[in-house]
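Structure first, then comments.
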Amino acid sequence: MKKAIYPGSFDPVTNGHLEIIRRGAMLFDQLIVLISVNPNKQSSFSVEERAAFLRKVCYDIPNVRVDSCSGLIVDYFRSHECDIIVKGLRAMSDFETEFQMAHVNKHLCPRAETVFLCADSQSTYLSSSMVRQIAMFGGDISPFVPEAIKDDIIKRLDRTNKEEQ
């Protein structure tokens, strides 16, 4: 059985993330969507909220599980006996960063292989930070996030709604 992890901040999960999750789930027997907690990064949503979002949008993908970790990805990889690290790529800048990280992970854990999945053409420009900024200013995020969590994101981030209240 091939077990893969797809680590990321997912703050919040976007349609681009979901597309990589669906494709990764087709490639591996089990895909763990791993919310990685970076203590140096301020998140808009708690780990629990992000996990709830992911579970809500992945409910129909039976071989996907959601988890989180606050340490090194390779430590989680090792302790959960994973086979592959999945990373989504949108642009060359993503590749450069992820290429370096793949080599560092391989150095720290020699059996850690990284598989890169290229984002589809509708997601190459999409990022969680862009979604957060659009939502904060009351813009329409519906083309960018799964419908099941859109209202939850808007409720939390839409400053124009907060200013009117």
Quick check: is [Y] connected to [X] through a chain of hydrophobic side chains (ILVMFWY, heavy atoms under 4.5 Å apart)?
X      : Y      : result
Val145 : Ile61  : yes
Met101 : Val86  : no
Met130 : Leu18  : yes
Ile141 : Ile149 : yes
Ile35  : Val74  : no

(message) Taking side chain to side chain donor-acceptor pair (under 3.5 Å) as the cut-off, I'd like each qualifying pair that reaches into residues 4-16, sequence neighbours left out, listed once.
(response)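 Every side chain to side chain donor-acceptor pair (under 3.5 Å) pair that includes a residue of residues 4-16, provided the two are not neighbours, is Thr14-His17.
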
(request) Applying side chain to side chain contact (heavy atoms under 4.5 Å, CB included), run through Glu98 and Leu89 and close with a yes or a no. (result) CA-CA 8 Å; Glu98 296 301 346; Leu89 299 177; 3.9 Å; yes

Which distance, rounded to the nearest 0.5 Å, do you find between the [atom1] of [X] and the [atom2] of [Y]?
X      : Y     : atom1 : atom2 : value
Arg65  : Leu54 : CZ    : CG    : 13.0 Å
Tyr76  : Leu34 : OH    : CG    : 5.5 Å
Ile73  : Lys87 : CD1   : NZ    : 6.5 Å
Arg111 : Cys82 : CZ    : SG    : 7.5 Å
Ile32  : His80 : CD1   : NE2   : 6.5 Å
Glu113 : Lys2  : CD    : NZ    : 9.0 Å

(message) Ser142: which residues meet the side-chain hydrogen bond (donor to acceptor under 3.5 Å, both in side chains) condition with it, sequence neighbours left out?
(response)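 Expected list: Asp140.
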
(request) Under the side-chain hydrogen bond (donor to acceptor under 3.5 Å, both in side chains) rule, collect the residues that match up with Ser70, sequence neighbours excluded. (result)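 Testing Ser70 for side-chain hydrogen bond (donor to acceptor under 3.5 Å, both in side chains), a comparison that skips the adjacent residues, returns none.
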
(request) Evaluate the criterion side chain to side chain contact (heavy atoms under 4.5 Å, CB included) for residue pair Arg22 and Asp60; output intermediate values, then yes/no. (result) CA-CA 10 Å; Arg22 288 190 184 286; Asp60 62 337; 3.4 Å; yes

(request) Would you please test Leu27 and Ile84 for side chain to side chain contact (heavy atoms under 4.5 Å, CB included) and show each step? (result) CA-CA 11 Å; Leu27 295 172; Ile84 302 288; over 6 Å; no

Looking only at non-hydrogen atoms, find the nearest pair between [X] and [Y] and report the distance.
X      : Y      : answer
Arg50  : Ser43  : NH2-OG, 3.5 Å
Leu108 : Arg78  : O-NH2, 2.7 Å
Ile20  : Cys118 : CD1-O, 4.2 Å
Ser127 : Arg90  : CB-NH1, 3.0 Å
Arg156 : Ser44  : NH1-O, 2.5 Å
Leu126 : Gly16  : CD2-N, 3.6 Å

(request) Output yes when Lys150 and Glu147 qualify as a salt bridge under the 4.0 Å nitrogen-oxygen rule, no when they do not. (result)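 Between Glu147 and Lys150 there is a salt bridge, with a charged N closer than 4.0 Å to a carboxylate O.
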
(request) Using the ring pair (Phe, Tyr, Trp, His ring centres under 6.0 Å) rule, collect all pairs that involve residues 30-56, keeping only residues at least two apart or in two chains. (result)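 Non-adjacent pairs meeting ring pair (Phe, Tyr, Trp, His ring centres under 6.0 Å): Phe45-Phe53.
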
Examine distances only and state if a side-chain atom of [X] and a backbone atom of [Y] form a donor-acceptor pair shorter than 3.5 Å.
X      : Y      : answer
Arg132 : Ile153 : no
Ser128 : Phe10  : no
Asp83  : Lys3   : yes

(request) Kindly write out the residues that satisfy side-chain contact (heavy atoms from CB on, under 4.5 Å) with Met1, not counting sequence neighbours, or none if the list is empty. (result)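 side-chain contact (heavy atoms from CB on, under 4.5 Å) list for Met1, sorted by chain: Asp29, Gln30.
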
(message) Checking Ala148 now: which residues fulfil side-chain contact (heavy atoms from CB on, under 4.5 Å) with it, not counting sequence neighbours?
(response)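 Residues passing side-chain contact (heavy atoms from CB on, under 4.5 Å) with Ala148: Lys56, Val57.
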
(request) Would you indicate whether the side-chain heavy atoms of Asn105 and Phe77 approach each other to under 4.5 Å? (result)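 Phe77 does not reach Asn105 side chain to side chain.
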
(request) Assess whether atom CZ of Phe99 is packed by more than 12 heavy atoms of other residues, nucleotides or ligands within 6.0 Å. (result)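 No, because the 6.0 Å sphere around CZ of Phe99 holds 12 heavy atoms or fewer from other groups.
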
